[in-house]
**Student:** 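Below you'll find the structure I mean.
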Amino acid sequence: MSENNLSQSFSETYDVVVIGAGNGGLTAATQLAKEGVKVLLLEQHNLPGGFATSFVRGRFEFEPTMHVLAAYGKPPNLGPVRKMFEEDFKIDAEFYPVPEAFRAISLNPDDNFNVVMPFGVEETINKIEEEVPGSKESVTKFIRLCKEAADAIMYIADSEGNPDKKVLMKEYSNFLKTAPYSVGRVIDTFDIPEKAKSILTAYWVYLGPPVSRTGFTIYSTMLYSLLSQGAYIPKYRSHGYTSAFDIKIRELGGKIEYNTKAERILVENGKVIGVETSKGDKIKTNFVISNASPTLVYNKLIYPKEEVPEIAYKQVNARTHGTSGFVVYLGLDASAEELGFKEYSYFVFDTLDSEEAYESFGKLEAPKAQASMCLNLTIPDCSPPGTCIFSITTLFRPEVWEDVKEEDYFKLKTKIADQLIAKFEKATGISVRDHIEEIEIATPQTWARYTGTYKGIIYGYEPDPWDSLIPRMMTMEEEFYIEGLKFCGGFSFQSHGYSTSLVSGQIAAFLTLLDMEKKGEEE
Amino acid sequence: MNGEDKKELKVKIKGGIRDLIAFAKLVPKRRKRFQRASSEPITSDPINEFANKLHPKKQHLIIDEIRDETKSTKTIKAVPDLDSGTNSLAYFRPGQYLSLKVEVNGVRITRPYSISSSPTDALKGFYEITIRKVEDGFLTTNIWDKWKVGKKITCSDPEGFFYYEPLRDKNHIVAIAGGSGIAPFRSMAKEIIETNIDVKLTLIYGSADEEDIIFYEEFKELEKTYPNKIKVVIVLSCDEVNLEGCETGFITANLIKKYIDANECSFFICGPQIMYDFVENQLKEFNLPPKRIRREAYGEVKEIINLSGFPKEVADNAFKIKVHIGSLIEEIPAKASETILVALEKANLNPPSSCRSGECGFCRSLLISGKIYVNPISDWRRAADKKFNFFHPCSSYPVSDLEIKIPRTR
């Protein structure tokens with residue numbers, strides 16, 4: 001390192017260092033800066049956002065990962081994310097409501113499955129009844145259960161993690177009884193016709209594991225939030241709101257350093273004492289909030305290694321690391337209308353069996369489930385007149401990409417993209433192939449390159465029932481293995497997803513503030 | 001859905017008490033799973049390793065050979081500098097460039113150069129870049145005077161979006177090149193032959209005179225051996241032409257029409273600034289959609305003050321820029337006619353940079369106060385960056401005194 005670089009380095013003391021400017025890191029740093037805490041936000045990339053970013057190719061600015069933002073809502077029923085954006089932080093970012101939930105299509109003609117779902121609880125129930133006559137009663141019951149789970153989570157959150165057991169038993173007994181099970185298990189106890197079940201569980205792709213493994217609480221909370229509050233996307237792609245956070249953090253007196261990778265979290269006697277960076281910064285701090293996963297923190301960042309307790313390694317190894325993603329981004333030289341796009345988001349399945357689809361994530365070919373979106377159906381002017389932005393997303397177990405050779409990598413990307421496009425065109429009759437003006441293809445390696453996420457994983461730990469929201473919340477305290485270290489983001493206790501990651505950062509900030517208070521009193 | 005409804009809902013999974021027991025067991029089960037798990041640290045991550053191999057932060061090279069292509073052009077062949085930790089070279093897509101990171105007369109600068117060798121060559125262990133001497137060029141003068149076999153150089157990973165993409169492009173590529181703009185097309189041609197891509201390449205290559213043609217023999221040989229894959233059309237603009245089978249004058253629509261059916265091709269253009277203007281004007285006759293014409297990034301625009309939108313009233317002005325970088329705040333001089341990146345480099349404050357065309361975004365910085373002019377042909381800023389005053393110093397010029405915050409080098 002040259003002298004010049006060294007002289008630019010920091011050797012200051014900060015109250016809190018936040019590692020990673022992803023969704024969680026940004027809200028954590030904003031909350032801390034707002035409280036007047038001296039906070040430094042470190043980001044290894046040259047942009048804020050992590051996955052919540054954008055990129056430009058030719059005439060198009062693409063949305064890399066967000067499909068929909070849940071928990072946003074509209075007045076008077078603001079969701080927690082919108083409350084945080086507008087009331088807590090006054091973030092200068094605009095969001096547009098997504099017009100409908102999705103169109104879901106099965107490529108298997110025997111399934112006879114091609115439905116467009118609206119948002120809204122009543123609307124959803126009525127639409128399913130229209131598709132599957134006789135389903136109304138059972139579907140209504142199921143959605144009511146989802147509401148109870150969502151309400152219970154709100155109650156537990158409001159109780160700051162100390163809910164009254166009597167209240168839980170009395171008001172939320174159904175929530176308690178279903179929390180130990182998967183969404184597949186729970187929905188099977190309702191007398192819901194198969195097709196209606198497939199509609200209600202179509203969102204499984206947003207969490208990753210098949211319905212037989214996805215914890216009911218987390219699925220039902222997501223489903224109910226989307227149905228009751230709808231979904232939103234940011235006007236200027238995710239970079240629009242993440243750079244608004246950047247500006248806000250600076251305005252509140254926080255400091256952000258890009259191109260600066262946290263390389264070590266210094267720990268002594270089980271307590272955080274500092275952070276060292278790729279730029280030679282040596283920062284003293286007793287509090288770190290990490291947007292980087294426990295997997296990376298325990299295996300790579302904690303220094304010295306002896307400070308990592310055995311149980312931390314065990315925790316990481318016990319959990320199932322989530323899937324990675326594969327996205328084909330297309331800038332098309334015809335308008336959405338000309339091409340025949342009617343909906344914002346399309347789920348295309350080869351099979352309605354989520355186990356079978358999940359299994360296909362383990363092969364190097366277009367998997368049996370994909371989710372796509374045409375941005376212009378929500379933000380009409382997101383690209384120049386006469387053009388539109390369209391992308392197809394699917395999931396992969398990252399391991400299947402491990403043996404790909406450099407000389408085969410680009411051809412493989414093209415091959416899978418080609419297959420995904422073919423499936424989309426077959427399912428919808430919309431022809432995009434002849435209109436490709438810009439194309440970009442993201443693989444697990446791409447996410448690794450830009451975010452450093454372990455194995456290019458885009459989700460966090462899979463929320464199997466034993467590792468779903470409730471057990472994570474109930475064991476939170478005992479799983480803080482290093483004093484002064486908290487986690488936020490998709491790998492933290494709130495589980496993955498945009499809205500949960502955003503909320504997780506604010507919660508990590510609150511927990512850290514409590515710790516700081518305690519420490520202050522001790523001293 | 002009101003409270004009344006809720007009372008009616010009684011869910012049973014396994015049944016009554018068993019479900020509550022299952023709830024009570026959630027935490028013990030979790031603890032047990034942790035206890036049973038391996039305590040081995042995770043030491044490898046093949047996906048990140050692959051990403052680093054394709055996109056290393058830096059590549060250390062050593063010059064292995066310098067060939068004179070013409071009187072003003074050299075090809076520099078470089079191999080990994082094992083001593084500095086580069087063991088293999090990053091694979092790439094033909095058409096991509098390397099950003100050289102060099103120190104010239106005490107000033108650290110970056111310069112993008114298209115790779116003229118093929119991706120297969122990179123796997124074999126070498127890159128080639130083909131450089132044309134620029135009259136009074138800051139870097140090329142230094143290269144011509146000082147660069148010898150054995151010199152160590154540092155460069156970026158392969159960058160850029162100027163490459164053939166089968167899902168987008170027609171399988172007949174028309175490569176229009178001028179001067180050293182031939183470099184990426186040599187890489188493409190070699191790749192087409194070496195990996196047998198189902199594509200035809202017609203090269204239409206403009207040079208001032210016979211002596212200026214780079215890779216003439218090599219392309220002619222390829223054309224002879226693979227007539228169905230490679231076609232070469234040499235266009236010379238000088239008055240006296242002795243070369244057999246070449247075209248004279250400029251690359252006009254009529255000339256292009258003689259060799260290809262424009263509607264069945266994808267055009268790739270790489271050359272000096274003046275050629276882009278001319279050729280793109282000629283291509284208008286074919287009325288092609290934008291997707292059929294791709295051009296390599298401009299690089300730094302010469303004579304920026306001649307651009308129609310440039311605020312001419314400040315053209316001769318000098319300004320001060322207050323720069324925040326890491327823990328430092330420095331005040332540096334800048335000229336209205338030079339990019340902010342150049343001013344920063346002259347002051348030895350180097351933000352990361354690669355393309356120098358506004359495209360890659362590595363130098364993205366925050367404009368805290370003051371006014372800048374952004375060259376519209378190299379304005380690749382994101383919409384929100386425009387809104388919040390983030391800018392790319394490599395394609396921006398000061399129009400007043402400025403205060404900016406720049407990232408530290410990668």
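By convention in this document, chain letters (A, B, ...) are assigned in the order of the sequence lines, proteins followed by strands, and residues within each chain are numbered from 1.
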**Student:** Need one label for Thr295(A): side chain, backbone, both or neither, based on atoms under 4.5 Å from any heavy atom in chain B.
**Tutor:**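 For Thr295(A), the contact with chain B is made by the side chain alone.
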**Student:** Is it true that the side chains of Tyr127(B) and Gln59(B) contain a donor and an acceptor less than 3.5 Å apart?
**Tutor:**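 A pair is found: one side chain offers a donor N or O, the other an acceptor, under 3.5 Å apart.
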**Student:** Tell me, side chain or backbone of Lys305(A) under 4.5 Å from chain B's heavy atoms, or both, or neither?
**Tutor:**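 Neither part.
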**Student:** Let me know if Asp246(A) has heavy atoms under 4.5 Å from chain B in its side chain, its backbone, both or neither.
**Tutor:**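 Side chain of Asp246(A) only, per the 4.5 Å heavy-atom cut-off to chain B.
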**Student:** If you count heavy-atom pairs within less than 4.5 Å of chain A, which of Asn389(B), Thr43(B), Leu366(B) leads?
**Tutor:**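 Option with the top pair count is Leu366(B).
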**Student:** Does any heavy atom of chain B fall under 4.5 Å from the side chain of Glu12(A), the backbone, both, or neither of them?
**Tutor:**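 For Glu12(A), neither part sits under 4.5 Å from chain B.
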**Student:** Where does Lys415(A) contact chain B at under 4.5 Å (heavy atoms): side chain, backbone, both or neither?
**Tutor:**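 No part of it gets close to chain B.
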**Student:** What I'd like to find out is whether the side chain of Arg472(A) reaches to under 4.5 Å of the side chain of Arg30(B), using heavy atoms alone.
**Tutor:**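 Touching, per the 4.5 Å side-chain cut-off.
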**Student:** Let me know if Tyr454(A) has heavy atoms under 4.5 Å from chain B in its side chain, its backbone, both or neither.
**Tutor:**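 Backbone plus side chain of Tyr454(A), per the 4.5 Å heavy-atom cut-off to chain B.
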**Student:** Determine the option with the most heavy-atom pairs under 4.5 angstrom with chain A, choosing from Arg168(B), Lys12(B), Arg18(B), Arg382(B).
**Tutor:**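 When all of Arg168(B), Lys12(B), Arg18(B), Arg382(B) are compared, Arg382(B) has the most.
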**Student:** What part of Arg250(A) gets within 4.5 angstrom of chain B, counting heavy atoms only: side chain, backbone, both, or neither?
**Tutor:**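 For Arg250(A), side-chain heavy atoms alone lie under 4.5 Å from chain B.
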**Student:** With no hydrogens and no angle check, just 3.5 Å: does a side-chain donor-acceptor pair link Arg408(B) and Asn259(A)?
**Tutor:**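 Asn259(A) and Arg408(B) do not have a side-chain donor-acceptor pair below 3.5 Å.
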**Student:** Does any heavy atom of chain B fall under 4.5 Å from the side chain of Glu407(A), the backbone, both, or neither of them?
**Tutor:**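 For Glu407(A), the contact with chain B is made by backbone and side chain together.
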**Student:** Just by distance, with hydrogens left out, do Ser187(B) and Ser118(B) show a side-chain donor and acceptor under 3.5 Å apart?
**Tutor:**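 No, no side-chain donor-acceptor pair sits under 3.5 Å.
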**Student:** Under 4.5 Å heavy-atom distance to chain A, tell me which part of Arg31(B) shows up: side chain, backbone, both or neither.
**Tutor:**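 Just the side chain, heavy atoms under 4.5 Å.
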**Student:** Under a 4.5 Å heavy-atom cut-off, does chain B meet the side chain of Asp333(A), its backbone, both or neither?
**Tutor:**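 Contact with chain B: side chain only.
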**Student:** A quick test of your reading: do over 12 heavy atoms of other residues, nucleotides or ligands sit less than 6.0 Å from NZ of Lys314(A)?
**Tutor:**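 More than 12 heavy atoms, drawn from other residues, nucleotides or ligands, come within 6.0 Å of this atom.
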**Student:** If you count heavy-atom pairs within less than 4.5 Å of chain A, which of Gln35(B), Lys25(B), Arg36(B) leads?
**Tutor:**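 Answer, by heavy-atom pair count under 4.5 Å with chain A: Gln35(B).
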**Student:** How are the rings of Phe410(A) and Tyr91(B) set relative to one another: parallel (under 30°), tilted (30 to 60°) or perpendicular (over 60°)?
**Tutor:**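 Parallel: the ring planes of Phe410(A) and Tyr91(B) meet at under 30°.
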**Student:** I need the residue from Phe50(B), Phe390(B), Trp380(B) with the largest number of non-hydrogen atom pairs under 4.5 Å to chain A.
**Tutor:**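 Highest number of heavy-atom pairs under 4.5 Å: Phe50(B).
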**Student:** Do we see a donor-acceptor contact under 3.5 Å between the side chains of Gln315(A) and Glu479(A)?
**Tutor:**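 Looking only at side-chain atoms, Glu479(A) and Gln315(A) do form a donor-acceptor pair, the distance falling under 3.5 Å.
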**Student:** Counting only heavy atoms closer than 4.5 Å, note whether Ile311(A) contacts chain B via side chain, backbone, both or neither.
**Tutor:**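 Side chain only.
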**Student:** Identify which of Arg381(B), Lys53(B), Lys29(B) forms the greatest number of heavy-atom pairs closer than 4.5 Å to chain A.
**Tutor:**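 Max contact count across the listed options: Lys53(B).
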**Student:** So what's closer than 4.5 Å to chain B heavy atoms on Glu399(A): side chain, backbone, both or neither?
**Tutor:**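 Interface part for Glu399(A): neither.
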**Student:** What closest approach, in Å, do His435(A) and Ala334(A) show between heavy atoms, and which atom pair accounts for it?
**Tutor:**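 Closest approach of His435(A) to Ala334(A): ND1-CB, 3.7 Å.
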**Student:** Given that the side chain runs from C-beta out, which part of Leu330(A) has a heavy atom under 4.5 Å from chain B: side chain, backbone, both or neither?
**Tutor:**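 Neither; nothing under 4.5 Å.
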**Student:** Is there a salt bridge (Lys or Arg N to Asp or Glu O under 4.0 Å) between Asp45(B) and Lys455(A)? Walk through the geometry before answering.
**Tutor:** CA-CA 6 Å; Asp45(B) 178 346; Lys455(A) 286 196 178 178; over 6 Å; no
**Student:** At a heavy-atom separation under 4.5 Å, does Val316(A) approach chain B through its side chain, its backbone, both, or neither?
**Tutor:**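 Only the side chain of Val316(A) comes within 4.5 Å of chain B.
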**Student:** Where does Ser44(B) contact chain A at under 4.5 Å (heavy atoms): side chain, backbone, both or neither?
**Tutor:**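 Looking at Ser44(B), just its backbone touches chain A.
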**Student:** What residue, out of Pro290(B), Pro41(B), Ala24(B), has the most heavy-atom pairs lying under 4.5 Å from chain A?
**Tutor:**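 The option with the most such pairs is Pro41(B).
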**Student:** How long is the gap from CD1 on Ile406(B) to CG on Leu367(B), to the nearest 0.5 Å?
**Tutor:**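 Interatomic distance, Ile406(B) CD1 to Leu367(B) CG, rounded to 0.5 Å: 13.0 Å.
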**Student:** Tell me whether the NZ or CZ atom of Arg57(A) lies within the 45° cone about the ring axis of Phe62(A) and under 6.0 Å from its centre.
**Tutor:**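 Arg57(A) over Phe62(A) ring: no.
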**Student:** Taking atom types as modelled, find out whether Gln8(A) and Ser327(B) have a side-chain donor-acceptor pair closer than 3.5 angstrom.
**Tutor:**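 Gln8(A) vs Ser327(B): no donor-acceptor pair found between side chains.
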